[in-house]
Amino acid sequence: MSTLLIKNIGLLQSPVGSHPHKGAEQGENIKLKNAAVLCENGIIKEVTFEGKLPQGADDADTIIDAEGRLMTPGLVEGHTHLVFGGYRQHEIPLKLAGAGYLDILAAGGGILDTVRNTRKASFEELYDKAEGFLDEMMGLGVTTCEAKSGYGLDFENEIKMLKVVEKLNADHPMDVVSTFMGAHAVPDEYKGKADAYIDLMCDELLPYVKKENLAQFCDAFCEEGVFDVPQTEKYMKVAKELGFKLKLHADEIEEIGGSELAGRMGAVSAEHLIAIGEKGMAALQQAGTTAMLLPATSFYLGKTFAPAKRMIELGIPVAIASDFNPGSCPSLNLQFAINLGYLKYRMLPEEILTAVTINPACAIGMGDKVGTAEPGKQADFVIWDAPDMEMLCYRFGSNMALQTIKKGVLV
Ligand code: NIG
Ligand code: FE
């Protein structure tokens with residue numbers, strides 16, 4: 001048995017429970033002063049506060065002194081496109097000259113450019129690159145993350161991507177949750193034949209991914225000029241019948257009914273939602289679907305920011321993620337998304353902490369294991385170079401994570 005004591009925590013702040021937090025509960029965190037945590041074999045055993053130490057603290061194998069700082073649960077990154085070949089810096093001059101995200105995609109660039117580079121890349125190349133990203137994320141305080149496929153867009157390359165994620169989850173300290181996103185774009189060889197491409201997904205890829213247990217979740221890009229609502233609905237219905245849990249890229253650029261579809265299909269999360277309207281929000285609220293908001297993408301695409309406060313008011317659980325990908329958000333820094341959540345969504349620090357811990361954890365099927373600092377959960381923590389969440393929300397551009405602890409081990 002190995003034990004870890006983290007002592008002298010100035011403030012231990014965390015949401016409580018294993019369910020998605022909505023409405024007023026989104027802003028409810030426990031705030032324990034002068035706290036300590038005892039962990040046993042990577043699991044939280046006891047949490048104490050007001051200077052009291054857990055039983056058996058004196059015999060702990062390892063002791064970390066937080067020196068009076070803020071400690072929170074490890075951050076949970078709920079939306080990434082972690083595995084990809086190449087980069088897309090050559091798109092910036094096009095963008096600055098006025099080309100929109102969907103214009104670049106329609107001209108065969110954007111996601112399709114990354115598809116060509118991902119197809120060319122070997123398993124090892126993709127693995128090594130993504131492994132580096134996971135290391136960087138951990139240094140920024142992330143201890144659990146989601147990773148979507150969707151740059152292969154054919155049988156061989158989608159499976160290659162999913163196997164990279166499977167191996168990363170097995171080898172890397174990060175918990176990596178896999179999402180199959182075969183319906184991310186229509187590949188070159190299916191240009192003008194989106195329906196036939198959806199059939200390929202429904203007839204071959206989805207059943208194979210399920211049979212091989214390569215992903216628990218399934219996602220699609222429901223967007224003007226990509227997949228329309230009927231195409232997306234067909235794919236989601238097949239996925240649901242096969243037993244996938246559903247996510248959806250909805251209302252990112254145009255409001256074409258993606259959020260309503262996500263609600264109708266009982267999706268676990270609807271993601272982006274920059275262009276969502278009241279009808280879409282009503283659908284998410286009714287279905288209990290989590291809104292996975294990606295403010296760094298709004299920033300990078302020069303778009304408006306999703307109506308996060310209205311969602312909280314309506315009782316929609318709100319999560320915040322990075323959307324790390326080579327096009328619309330080439331940053332994996334979830335701390336920057338926290339800053340934007342504060343300044344642009346105008347969320348409170350407590351609401352933001354919920355949005356980067358328990359709510360994304362629930363949205364990726366990890367709510368019973370991570371996302372709060374409670375006995376029985378994994379000992380995943382961040383000790384911040386800050387006294388409180390307000391400081392973390394306010395400072396930007398520096399890495400405020402001092403120490404990241406994953407399953408009771410300093411990483
Ligand atoms: O979430 N919108 C679709 N997918 C990604 C972008 C992928 C890319 O541009 O490579 C997103 O923004
Ligand atoms: Fe995305």
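Everything numeric in this text was worked out from a predicted model, so none of it was measured. Counting starts at 1 for both ligands and their atoms, following the listed order.
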Checklist entry - Quick check: does Cys329 put an N/O/S atom under 2.8 Å from the Fe ion (ligand 2)? => result no
Next on the checklist: Below 2.8 Å, can you find an N, O or S atom of His79 next to the Fe ion (ligand 2)?
Outcome noted: yes
Checklist entry - Does the pair Phe84 and Phe133 meet the rule for a ring-ring contact (aromatic ring centres under 6.0 Å, His included), with working shown? => result CA-CA 11 Å; Phe84 56 85; Phe133 294 147; 5.5 Å; yes
Next on the checklist: Tyr151 versus ligand 1: do any nitrogen or oxygen atoms come within less than 3.5 Å of each other?
Outcome noted: yes
Item to check | Any N or O of Asp323 closer than 3.5 Å to N or O of ligand 1 | outcome: yes
Next on the checklist: Ring-plane angle category for His249 and His184, please: parallel below 30°, perpendicular beyond 60°, tilted otherwise.
Outcome noted: tilted
Checklist entry - What atoms of ligand 1 come within less than 4.0 Å of a heavy atom belonging to His79? => result 1 (O)
Checklist entry - For the Fe ion (ligand 2), which N, O or S atom of Asp323 is at the shortest distance? => result OD1
Next on the checklist: Any donor-acceptor pair under 3.5 Å linking the side-chain atoms of Thr143 with those of Lys406?
Outcome noted: no
Item to check | Heavy-atom side-chain contact between Lys95 and Tyr300 under 4.5 Å | outcome: yes
Next on the checklist: Below 4.0 Å, non-hydrogen atoms only: which portion of Glu271 touches ligand 1? Side chain, backbone, both or neither.
Outcome noted: neither
Item to check | Heavy-atom side-chain proximity of Ile159 to Leu205 below 4.5 angstrom | outcome: yes
Checklist entry - Side-chain donor-acceptor pair under 3.5 Å between Ser259 and Asp251, yes or no? => result yes
Checklist outcome for this item: So the atoms of ligand 1 within less than 4.0 Å of a heavy atom of His272 turn out to be 1 (O), 11 (C), 12 (O)
Checklist entry - For atom 9 (O) of ligand 1, what's the nearest protein heavy atom and its distance? => result Tyr101 OH, 2.5 Å
Item to check | Atom of His81 closest to the Fe ion (ligand 2), considering N, O or S atoms | outcome: NE2
Next on the checklist: Students should be able to answer this: which protein heavy-atom is nearest to atom 12 (O) of ligand 1, and at what distance?
Outcome noted: Ser328 OG, 2.6 Å
Next on the checklist: Taking the side chain as everything from C-beta on, heavy atoms only, tell me whether Tyr235 gets closer than 4.5 Å to Phe227.
Outcome noted: no
Checklist entry - Of all the atoms in ligand 1, which lie at a distance below 4.0 Å from a heavy atom belonging to His81? => result 1 (O), 4 (N), 5 (C), 11 (C)
Checklist entry - Closest non-hydrogen protein atom to atom 4 (N) of ligand 1, residue and atom name please, with distance? => result His184 NE2, 2.8 Å
Item to check | Modelled atom types, side-chain donor and acceptor of Asp171 and Tyr127, under 3.5 Å | outcome: yes
Checklist entry - Nearest to atom 2 (N) of ligand 1, what protein heavy atom do you find, and at what distance? => result Glu252 OE1, 2.7 Å
Checklist entry - Of all the atoms in ligand 1, which lie at a distance below 4.0 Å from a heavy atom belonging to Arg88? => result 8 (C), 9 (O), 10 (O)
Checklist entry - Donor-acceptor pair, Gln26 side chain versus Glu351 backbone, under 3.5 Å? => result yes
Checklist entry - Does a side-chain heavy-atom distance below 4.5 Å link Ser322 with Thr80? => result yes
Checklist entry - Using heavy atoms and a threshold below 4.0 Å, how should the contact between Glu223 and ligand 1 be classified: side chain, backbone, both, or neither? => result neither
